[in-house]
Enquirer: 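Quick one: the structure is below, and I'll ask about it shortly.
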Amino acid sequence: CAARRRDDRDLPAMPYANQPTVRISKLTDENVDFIIENTDLSVANGLRRLFIAEVPTIAIDWVQLVSNSTVLHDEFIAHRIGLIPLTSEEMVDRLRYPRDCDCSEFCPECSVEFNLNVKCTDDVTRLVTSRDLVSSNPRVVPVTSKPREDEGADYGDTEDILIAKLRKGQELQIRAYARKGFGKEHAKWNPTAGVAFEYDPDNALRHTHFANPADIGRAV
């Protein structure tokens, strides 16, 4: 049998797909809800994937454990530190990607240094959290540390991200560098906690008017 190449003439015409409209219904510092109309389902899914994989952020990408006498092995602690979300909005556009920087390893143009040095000297268990990470750049800190810098911020100690627990005599000393990257390279650069969309072909949300009265019954 003969195979025929599929071209654009074989695809159904969708003139509305090139003229989408976006209406924001809710916008806060942490969430945004919006309705996209007059487009194809693939466009909505493409936006979802862009939000997850293509938005650059800053995350800890290199970890050196100088001293680790905890019960957790080095790789486990390095993985936990890499997943701590950092504030990126003020510096992400200024930092270079590591592949575009001329330095041999790390420099202020492409990275931010973090240090952690904690030792338990009491009989009480010492919690090592994201609060113990000291950044060389005050604009790039763990997200749980940022609100404390604002006057009147109500942010409890329970919000800190736990890294490890130390007993008396145990010590954890870390040197790390945060760099710029994309979520498609590693989940630690994912800028969102979750992105989802809902397909509403029958207008169950009642966000448009029905052109044909016979279609009203399909929206129940």
Side-chain angles (χ1 to χ4, degrees), residues 20 22 24 27-34 36 39-66 68 70 72-116 128-147 159-164 172-198:
V22 178
I24 297 177
L27 178 63
T28 65
D29 293 338
E30 297 181 354
N31 298 283
V32 56
D33 294 338
F34 63 91
I36 181 170
T39 190
D40 189 60
L41 184 63
S42 61
V43 176
N45 187 51
L47 288 175
R48 182 188 68 86
R49 294 175 64 90
L50 282 172
F51 295 153
I52 295 174
E54 300 287 348
V55 178
T57 60
I58 300 175
I60 293 177
D61 186 46
W62 186 91
V63 178
Q64 179 186 24
L65 283 96
V66 181
N68 177 23
T70 70
L72 303 177
H73 53 77
D74 295 355
E75 292 82 1
F76 187 87
I77 294 178
H79 182 263
R80 290 182 66 88
I81 291 178
L83 293 177
I84 294 177
L86 307 176
T87 56
S88 304
E89 60 273 7
E90 296 184 20
M91 285 296 297
V92 67
D93 293 332
R94 302 180 184 181
L95 283 183
R96 296 179 179 179
Y97 291 103
R99 56 184 174 272
D100 298 332
C101 191
D102 298 329
C103 68
S104 58
E105 287 187 343
F106 308 102
C107 72
E109 297 295 326
C110 68
S111 62
V112 178
E113 183 178 358
F114 284 84
N115 287 279
L116 184 148
V128 182
T129 66
S130 55
R131 190 177 187 180
D132 296 309
L133 279 172
V134 180
S135 173
S136 62
N137 190 329
R139 289 173 290 186
V140 182
V141 296
V143 293
T144 53
S145 302
K146 178 70 179 293
E159 298 293 340
D160 290 314
I161 300 173
L162 180 65
I163 299 175
L172 183 61
Q173 186 176 354
I174 294 173
R175 179 184 174 213
Y177 285 93
R179 296 193 284 199
K180 182 178 177 179
F182 290 100
K184 64 181 180 181
E185 299 175 351
H186 194 281
K188 61 189 172 187
W189 282 299
N190 191 332
T192 64
V195 182
F197 72 94
E198 179 180 359

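Predicted model, so just to flag it, every value in this text is computed and none were measured.
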Enquirer: Do any side-chain atoms of residues 95-113 form donor-acceptor pairs under 3.5 angstrom with protein atoms, and if so which ones, sequence neighbours left out?
Expert:
residue, atom, partner, partner atom, Å
Ser111, OG, Cys107, N, 3.3
Ser111, OG, Cys107, O, 2.8
Glu113, OE2, Asn115, ND2, 3.3

Enquirer: With a 4.5 Å cut-off on side-chain heavy atoms, are Val92 and Lys180 touching?
Expert: yes

Enquirer: What are the two closest heavy atoms between Val22 and Phe34, and how far apart are they?
Expert: CG1-CD1, 3.7 Å

Enquirer: Rounded to the nearest 0.5 Å, how far does CD1 of Ile163 lie from CG of Leu83?
Expert: 11.0 Å

Enquirer: Between the side chain of Arg80 and the main-chain N/O of Leu162, is any donor-acceptor distance below 3.5 Å?
Expert: yes

Enquirer: Rounded to the nearest 0.5 Å, how far does CG of Leu65 lie from CG of Asp74?
Expert: 4.5 Å

Enquirer: For residues 49-56, run the donor-acceptor check on the side chains, cut-off 3.5 Å, and write out each pair with its distance to 0.1 Å, sequence neighbours left out.
Expert:
residue, atom, partner, partner atom, Å
Glu54, OE2, Lys184, NZ, 3.3

Enquirer: Say you draw a straight line from NE2 of His79 to NE2 of His73; how long is it, rounded to the nearest 0.5 Å?
Expert: 10.5 Å

Enquirer: Just by distance, with hydrogens left out, do Asn137 and Ser135 show a side-chain donor and acceptor under 3.5 Å apart?
Expert: no

Enquirer: Could you check if a side-chain atom of Ile84 sits within less than 4.5 angstrom of a side-chain atom of Ile60, using non-hydrogen atoms only?
Expert: no

Enquirer: What residues form a side-chain hydrogen bond (donor to acceptor under 3.5 Å, both in side chains) with Arg179, not counting sequence neighbours?
Expert: Asp61

Enquirer: Can you tell me how far the CG atom of Leu86 sits from the CZ atom of Phe114, to the nearest 0.5 Å?
Expert: 4.5 Å

Enquirer: Compare all side-chain heavy atoms of Thr129 with those of Ile161 and state whether any distance is below 4.5 angstrom.
Expert: no

Enquirer: How long is the span from the CG atom in Leu172 to the OG1 atom in Thr70, to the nearest 0.5 Å?
Expert: 6.0 Å

Enquirer: Return the CD1 to CD distance between Ile58 and Glu89, rounded to the nearest 0.5 Å.
Expert: 9.0 Å

